[in-house]
Amino acid sequence: MRQSKSLIRTYREPPADAETKSHRLLVRGGYVRQLTSGVYTFLPLGWRVMKRIMEIIRQEMDAIGAQELFMPSLTSSSLWEESGRWESFGDDMFRLRDRKGRDYALAPTHEEIISEIARNVIHSYKDLPQIWYQLQTKFRDEPRPRGGLLRVREFIMKDSYSLDATWEGLDESYAKHRKAYERIFTRCGLKFVHVKASSGLMGGKESEEFMVISDAGEDRLVLCDSCGYAANVEVAPAIPEERVEESPFKELKKVHTPNVRSIEEVSEFLGVEPKFLVKSLVYMTDEGPVLVLVRGDHEVNEEKLARILPNPRLATADEVLSLLGVEVGFVGPLNVSLPKIADHAVRYLRGFVVGAGEEDHHIVGVNPEDLGDVRWEDIRYATEGDRCPVCGSPLRLVNAIEIGHIFKLGTRYSESMGVFFSDRDGQRKPVIMGSYGIGPGRIMVSAVELYGTENSMLWPKSIAPFDVHIVDLVGEGEEIYDLLRRAGYDVLWDEREERAGVKFKDADLIGVPLRIVIGRAWKDGKVELQDLWAQERLELPKERLLEVLKERLSRP
RNA sequence: CGGGGCGUAGCGCAGCCUGGCAGCGCGCCUGGUUUGGGACCAGGAGGUCCCGGGUUCAAAUCCCGGCGCCCCGACCA
């Protein structure tokens with residue numbers, strides 16, 4: 001590609017509203033452009049990167065025997081009604097109506113469509129197993145898109161679906177995907193971890209996420225530096241350090257705390273760290289209201305609560321008032337007749353602070369034994385300093401970008417949507433399914449977050465938009481350009497009438513990892529090859545260029 | 001959905017409070033000088049000031065309504 005003819009535009013200044021490094025760099029480098037909230041155009045440069053990522057995905061999916069297909073995005077409501085997700089997806093689903101008034105959705109994921117195909121083509125155990133995948137645009141009306149390309153409303157996703165006759169078969173399909181995913185992310189040059197995850201709306205049994213650790217990420221993980229354990233905080237067991245924490249309050253005492261309600265307010269008013277407060281939250285359940293107690297600096301994990309209590313939901317302020325006769329800020333566990341569930345961490349506190357159960361008062365100096373009858377459970381998100389469930393070392397809390405997710409779905413969709421097959425014994429059985437996603441756009445973002453600096457990008461060679469960038473300072477590079485193109489490389493040739501500084505700055509921003517500078521040594525028949533990953537500059541006679549370039553490109 | 005901020009040239013912004021010719025830097029075009037890390041000089045093009053309504057002799061500026069975008073939170077494969 002001749003750069004002077006290309007649609008590559010770089011910008012000296014980032015858009016004012018870009019918060020993440022990847023957003024700034026991708027816009028400045030002319031990779032992407034926002035159209036509306038959470039919707040982006042991939043400009044030619046960005047699309048080249050996407051195509052290379054998708055090609056790697058295709059190769060590795062094909063390698064595990066998966067077959068590529070392409071399903072529609074426009075889907076009628078009836079399919080979603082069958083699975084029950086017309087309701088449960090709620091506002092996250094983009095919905096529209098045709099001229100006859102029928103309801104449609106732009107597919108946010110494709111389990112229902114796969115099931116519809118499967119129930120028509122899968123009849124016998126002989127038809128199984130199958131793995132089908134596609135690269136398709138998904139639509140999700142996210143309540144809040146953010147971080148540039150990190151969370152968007154329209155995005156390409158590689159989604160695959162496994163169909164098996166047996167649970168062992170599902171395990172195999174799942175294992176194949178895990179392997180394929182590891183190869184894909186490795187080939188894309190990413191550093192990643194995989195973690196146990198929550199399966200959320202998808203429904204299902206086991207699931208793992210593939211994560212790139214990055215401050216820009218929205219997910220939170222706990223990591224164990226000594227044994228390598230990693231998990232999403234959503235599912236990680238919260239095991240507190242077994243060390244008693246003594247507050248300054250030695251005596252049980254009621255104190256006047258006028259209009260002091262929130263954890264921050266109470267903590268500041270009493271001059272005590274939030275960890276010495278205990279939050280008392282009223283949850284409504286199918287078995288009646290329950291008082292849930294966690295440390296002031298901890299967060300209740302409602303998914304964990306739901307494993308213990310039937311359908312818990314936080315009580316409204318009005319419900320609390322009519323139930324306990326006290327306002328939300330002053331609810332406390334003493335002298336309350338509700339059943340109590342407390343997080344384990346509360347057990348290690350001495351002299352903590354709780355609401356007094358009456359307006360404008362708290363009680364300080366409370367000990368666990370004062371709480372009376374309490375059920376001790378793990379009901380909160382894990383956090384920094386909790387213990388590793390494998391080896392007991394302290395855990396570290398980090399942010400991460402989710403780039404892939406694999407699920408064992410089981411029979412959730414096959415049963416609701418009627419995907420059955422006849423087994424060897426003549427019995428009709430539901431197909432056992434798995435579903436597996438990868439966000440190519442997030443791979444791109446992750447690479448930028450990992451390897452970009454404030455003014456430069458450095459793409460892994462496998463997903464760079466070009467194999468090599470010729471920075472031609474003398475305007476005589478056509479010979480080299482032709483040479484490399486004939487050798488089959490994707491070459492960007494900067495033959496613009498620009499000063500050297502401009503060309504270098506642009507090249508840094510574009511971030512092609514191998515760069516050939518045609519400059520002052522050209523009169524001696526030499527060029528400079530820069531390998532940005534190796535941080536090396538080699539001055540080479542042009543005759544040796546192809547040989548050395550080939551070797552450099554073969555390195556990761 | 002709650003809280004906050006912003007919409008003025010392709011990008012970054014000033015002007016708004018206190019109404020009176022729509023500006024600055026970068027980018028773009030032309031000519032010249034320059035030429036290995038975002039050059040310099042001269043000239044030039046480019047605007048529904050987010051939209052609609054109102055107040056006024058006069059609205060980017062004041063008032064009312066709407067739309068859009070961003071951030072924090074809630075939410076989320």
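A, B, ... follow the sequence lines: proteins, then strands. Residue 1 opens every chain.
Here ring pair (Phe, Tyr, Trp, His ring centres under 6.0 Å) pairs that include residues 295-316 of chain A, with residues two or more places apart or in two chains, number zero. Applying the salt bridge (Lys or Arg N to Asp or Glu O under 4.0 Å) test to every pair with at least one member in residues 141-152 of chain A, sequence neighbours left out, gives these pairs: Asp141(A)-Arg153(A), Glu142(A)-Arg151(A), Arg146(A)-Glu218(A), Arg151(A)-Glu218(A).
Looking at residues two or more places apart in sequence or on another chain, you find a ring-ring contact (aromatic ring centres under 6.0 Å, His included) between Tyr481(A) and Trp493(A). Checked against salt bridge (charged side-chain N to carboxylate O under 4.0 Å, His left out), Glu495(A) has no partners two or more places apart in sequence or in another chain. Take Tyr181(A) and apply the ring-ring contact (aromatic ring centres under 6.0 Å, His included) test, not counting sequence neighbours, and it matches Phe185(A), Phe210(A). Evaluation of the salt bridge (charged side-chain N to carboxylate O under 4.0 Å, His left out) rule for Arg295(A) yields Asp297(A) as partners, not counting sequence neighbours. The ring-ring contact (aromatic ring centres under 6.0 Å, His included) search around Trp80(A) returns none, not counting sequence neighbours. For Trp533(A), the ring-ring contact (aromatic ring centres under 6.0 Å, His included) partners are Tyr451(A), not counting sequence neighbours. For the salt bridge (charged side-chain N to carboxylate O under 4.0 Å, His left out) test, no residue two or more places apart in sequence or in another chain qualifies with Glu154(A).
Of all nucleotides present, only rC72(B) satisfies the Watson-Crick or G-U wobble test against rG2(B), with each distance under 3.5 Å. The nucleotide rA60(B) finds no pairing partner, because no Watson-Crick or G-U wobble arrangement with both distances shorter than 3.5 Å includes it.
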Are there any protein N/O atoms within less than 3.5 Å of an N/O atom in nucleotides 22-24 of chain B, and if so, which ones and at what distance?
none

Write down the protein N/O and nucleotide N/O pairs, taken from nucleotides 32-35 of chain B, whose separation is under 3.5 Å; answer none if there are no such pairs.
| residue | atom | partner | partner atom | Å |
| --- | --- | --- | --- | --- |
| rU34(B) | O2 | Arg499(A) | NH1 | 2.6 |

Do any N or O atoms of the protein come closer than 3.5 Å to N or O atoms of nucleotides 68-71 of chain B, and which pairs are they?
| residue | atom | partner | partner atom | Å |
| --- | --- | --- | --- | --- |
| rC69(B) | OP1 | Thr36(A) | OG1 | 2.3 |
| rC69(B) | OP1 | Ser37(A) | N | 2.9 |
| rC69(B) | O3' | Gln34(A) | NE2 | 3.3 |
| rC70(B) | OP1 | Gln34(A) | NE2 | 2.9 |
| rC70(B) | OP2 | Ser37(A) | OG | 2.7 |
| rC71(B) | OP1 | Gly147(A) | N | 3.4 |

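Nearest-nucleotide positions on RNA chain B for Gly437(A) and Thr10(A) put Thr10(A) closer to the 5' end.
Nucleotide rC29(B) holds its P atom 12 Å from the CZ atom of Arg496(A), rounded to whole Å.
Cation-pi geometry between Lys542(A) and Trp522(A) is met: the NZ or CZ atom falls under 6.0 Å from the ring centre, inside 45° of the normal.
The P atoms of rU30(B) and rG19(B) are separated by 44 Å, rounded to the nearest whole Å.
Between His405(A) and Phe407(A), the gap from one ring centroid to the other is short of 6.0 Å.
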